[in-house]
Engineer: 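Supplied in structure tokens, the structure appears directly below.
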There are 2 protein chains.
Amino acid sequence: MNEKKQLLLNAALKLFVEKGFHGTSTSEIAKTAGVATGTLFHHFKTKQELINSLYLYTKEQLLTAITMDYQDSEQFKSNLKRLWLNFTHFGIENSDMFQFIIIFHSSPYITSLTKEQAETRFDDVLIFYRKGIENQEIKTVKDEMMVEFFLGTIFSTVNYFNKHPEQLNEKNMNLTFELFWDGISK
Amino acid sequence: MNEKKQLLLNAALKLFVEKGFHGTSTSEIAKTAGVATGTLFHHFKTKQELINSLYLYTKEQLLTAITMDYQDSEQFKSNLKRLWLNFTHFGIENSDMFQFIIIFHSSPYITSLTKEQAETRFDDVLIFYRKGIENQEIKTVKDEMMVEFFLGTIFSTVNYFNKHPEQLNEKNMNLTFELFWDGISK
DNA sequence: ATATATACTGACTAATCAGTCTATATTGTG
DNA sequence: CACAATATAGACTGATTAGTCAGTATATAT
């Protein structure tokens, strides 16, 4: 990736989270990145294309962080916990990216084509857990409800530790996972 | 409340959720409400004041919907469930307002003063449950974490039923509450 | 009925926006 | 080195924006 292109993505990420899509001008993005506006439009044909690229980029970073490391030798709970912890830690350590994904996931600024691209890659991760979910100690709930609940608890956990960073330690992190786990287990 | 002022709030709510704060022009809000732009600026000094008013208005509507009807005669679980169900139903039936509150709660467009105003009124509701939480069958978790978890599960439940309205029935609603309840109970 | 305040209108303005264009610099290739 | 392709720059433009203003209509009070 070209250096200035990367600087532009970083600047756009920060500003979009802070002030929204329309609240951030292309000239401000260029200024923050330390480049000219012409350079921005050289790398991204339109502002629209910039935010689409940014969405794919952040989702890719998230996917890398939660890597598909399902271990058949381990218990289902351990596998699920590792996924949950990876996801949550990503959210805490990359709060701009996490916020961006949350905000712009259900936003009209990202074209549906881009969303589909990102979503498909995402489902690939969850498919590993689907066979783990069947015949396990988990409540019989629709897959989609389970995914929403999973994401909802991560969302609230990240929010909590962002607001109260002094509470961030292994004990409390385990406790919040137990809230999720006891909810879904039979 | 003045009729045209109400029309302006309704139009702004719809458009802000759809296209964001800066993505919606004041002329479009006025046009959607069927009034002149001058009328908008007569009722709200600035666009900023409009969104602040809207935030207080939607929070007020939410508060009314989840009314403080704690019944000491009933079990804690029943009281909590009623609050949870009122909240969730509000989110499903008033999806624009719910979305608006979620989006603009952690957004720089609402001044922190306005947020405080709304938050104070909100805490008044939760205080009724605090004494219920003590010495109950609930896990010992920080109050703030409990609130985040509470809101997180409502958020995911509303999201789920919005995406899959055909799944909306009493049985599934009870099931989703049990996910929350089993998580927090000892 | 008259006076005063409030509600409303839409044309207007200075500022700002996304995107263009022309020119210059840097890089890669043979 | 030569020369083409790519990267960078920033002044510029037509369109759009939040907010103003001068005047008109409607409601309220005495």
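Please read these numbers as outputs of a predicted model, since none were measured by experiment. Protein chains get the first letters and strands the later ones, always in sequence-line order, with residue 1 at the start of each.
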Engineer: With a 4.0 Å cutoff (strictly under), does any side-chain N or O of B/Thr26 reach OP1 or OP2 of D/dA18?
Structural biologist: yes
Engineer: Below 4.0 angstrom from OP1 or OP2 of C/dC8, is there any side-chain N or O of B/His42?
Structural biologist: no
Engineer: Looking at NZ of B/Lys5 and NE2 of B/His43, how far apart are the two atoms once the value is rounded to the nearest 0.5 Å?
Structural biologist: 7.0 Å
Engineer: Just how far is it from atom OG1 of A/Thr176 to atom CG of A/Asn172, taken to the nearest 0.5 Å?
Structural biologist: 7.5 Å
Engineer: Take the protein atom CG of A/Leu40 and the nucleotide atom P of D/dA11, then report the distance between them rounded to whole Å.
Structural biologist: 17 Å
Engineer: Nearest whole angstrom, please: distance from the C1' of D/dA11 to the NZ of A/Lys31.
Structural biologist: 16 Å
Engineer: Tell me whether the side-chain N/O atoms of B/Lys4 come closer than 4.0 Å to OP1 or OP2 in C/dT9.
Structural biologist: yes
Engineer: Find the distance B/Glu3:CD to C/dT6:C1' and express it as a whole number of Å.
Structural biologist: 16 Å
Engineer: Would you indicate, yes or no, if D/dA9 has its OP1 or OP2 atom less than 4.0 angstrom from a side-chain nitrogen or oxygen of A/Thr39?
Structural biologist: yes
Engineer: Please state how far atom CG in B/Leu8 lies from atom C1' in C/dC8, giving the value in whole angstrom units.
Structural biologist: 11 Å
Engineer: If you compare every side-chain N and O of B/His22 against the phosphate oxygens of D/dA18 (OP1, OP2), does one of them come in below 4.0 Å?
Structural biologist: no
Engineer: Can you tell which of D/dG19, D/dA9, C/dT9 lies closest to the side chain of B/Thr46?
Structural biologist: D/dG19
Engineer: Please determine whether salt bridge (charged side-chain N to carboxylate O under 4.0 Å, His left out) holds for the pair A/Lys163 and B/Glu148, giving the CA-CA distance in whole Å, both sets of side-chain angles, and the decisive distance to 0.1 Å.
Structural biologist: CA-CA 10 Å; A/Lys163 282 185 196 162; B/Glu148 287 293 340; 2.5 Å; yes
Engineer: If you compare every side-chain N and O of B/Lys5 against the phosphate oxygens of C/dA7 (OP1, OP2), does one of them come in below 4.0 Å?
Structural biologist: no
Engineer: Nearest-Å distance, CD (A/Gln6) to P (D/dT8)?
Structural biologist: 13 Å
Engineer: Whether the B/Asn79 and B/Glu74 side chains hold a donor-acceptor pair (N or O, under 3.5 Å, no angle test) is what I'd like checked.
Structural biologist: no
Engineer: May I ask you to verify if any side-chain N or O of B/Thr37 is less than 4.0 angstrom from the OP1 or OP2 atom of C/dG10?
Structural biologist: no
Engineer: Please pick, from D/dA18, C/dT20, C/dC17, the nucleotide with the shortest atom-to-atom distance to any side-chain atom of A/Phe41.
Structural biologist: C/dT20
Engineer: Supply the atom-to-atom distance A/Leu54 CG to A/Leu9 CG, rounded to the nearest 0.5 angstrom.
Structural biologist: 5.5 Å
Engineer: Between B/Asn2 (CG) and D/dT28 (P), how many Å, whole number?
Structural biologist: 11 Å
Engineer: Given atom NZ of B/Lys47 and atom P of D/dA18, what is their separation to the nearest angstrom?
Structural biologist: 4 Å
Engineer: Distance check needed: D/dA18 P versus B/Lys45 NZ, whole Å only.
Structural biologist: 18 Å
